[in-house]
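Let me begin by presenting the structure, written as structure tokens, before commenting on it.
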Amino acid sequence: MPSPIRNNLIIELHIPDFDVAKKFYAILGFSPIMEHHITATEPGYLVLKHHDDEGDTILNFYGGNEKVYQQSYFKNFSKDMSGDMRLR
């Protein structure tokens, strides 16, 4: 009998609002395991985890405020991300 596939996935996303992410991913079974709070001068960091029989999925979120739009890569895109997504 083949062994089951184990899923151990880690992803980092840069987002402007942690509350939206927490609400959405809670519906999918993710729970917060770490959160560094946002200050007036520094962005925050949020880690959500989902565990099941196939393994762990960890989502890391950077930002949580408008400063995420000033990150060196992401500032090349519009805030709503609905426009041109080609690499620049």
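Residue numbers count from 1 along this sequence.
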Task: Nearest-0.5 Å distance that lies between atom CG in Leu46 and atom CG in Asn60 - done: 8.5 Å
Open item on the list: So, taking the atom named CG in Leu13 and the one named OH in Tyr62, what distance separates them when rounded to the nearest 0.5 Å?
Closed with: 14.0 Å
[X]: partners by ring-ring contact (aromatic ring centres under 6.0 Å, His included), with sequence neighbours left out:
X: Tyr45; value: none
X: Phe18; value: none
X: His36; value: none

- [ ] Answer whether the closest heavy-atom distance between the side chains of Phe30 and Thr57 falls below 4.5 Å.
- [x]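 Yes; the side chains approach each other to less than 4.5 Å.
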Open item on the list: Against Ile58, only a single residue in Lys49, His51, His50 fulfils side chain to side chain contact (heavy atoms under 4.5 Å, CB included); can you say which?
Closed with: Lys49
Open item on the list: Once side chain to side chain donor-acceptor pair (under 3.5 Å) is applied, what residue pairs with a partner in residues 15-26 remain, sequence neighbours excluded?
Closed with: Lys22-Glu35
Open item on the list: Checking Thr39 now: which residues fulfil side-chain contact (heavy atoms from CB on, under 4.5 Å) with it, not counting sequence neighbours?
Closed with: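 Result, side-chain contact (heavy atoms from CB on, under 4.5 Å) vs Thr39: Thr41, Glu42.
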TODO: Locate the shortest heavy-atom distance separating Ile15 from Ala21; write the atom from each residue and the value.
DONE: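 Smallest interatomic distance, heavy atoms only, reads CD1-CB, 3.5 Å.
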TODO: Verify the cluster assignment for Leu59 and Val20: are they in a single hydrophobic cluster under the rule of side-chain heavy atoms below 4.5 Å apart?
DONE: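 The answer is no; the residues belong to distinct hydrophobic clusters.
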Task: With sequence neighbours excluded, residues passing salt bridge (Lys or Arg N to Asp or Glu O under 4.0 Å) with Glu12 - done: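 Partners of Glu12 under the salt bridge (Lys or Arg N to Asp or Glu O under 4.0 Å) test: none.
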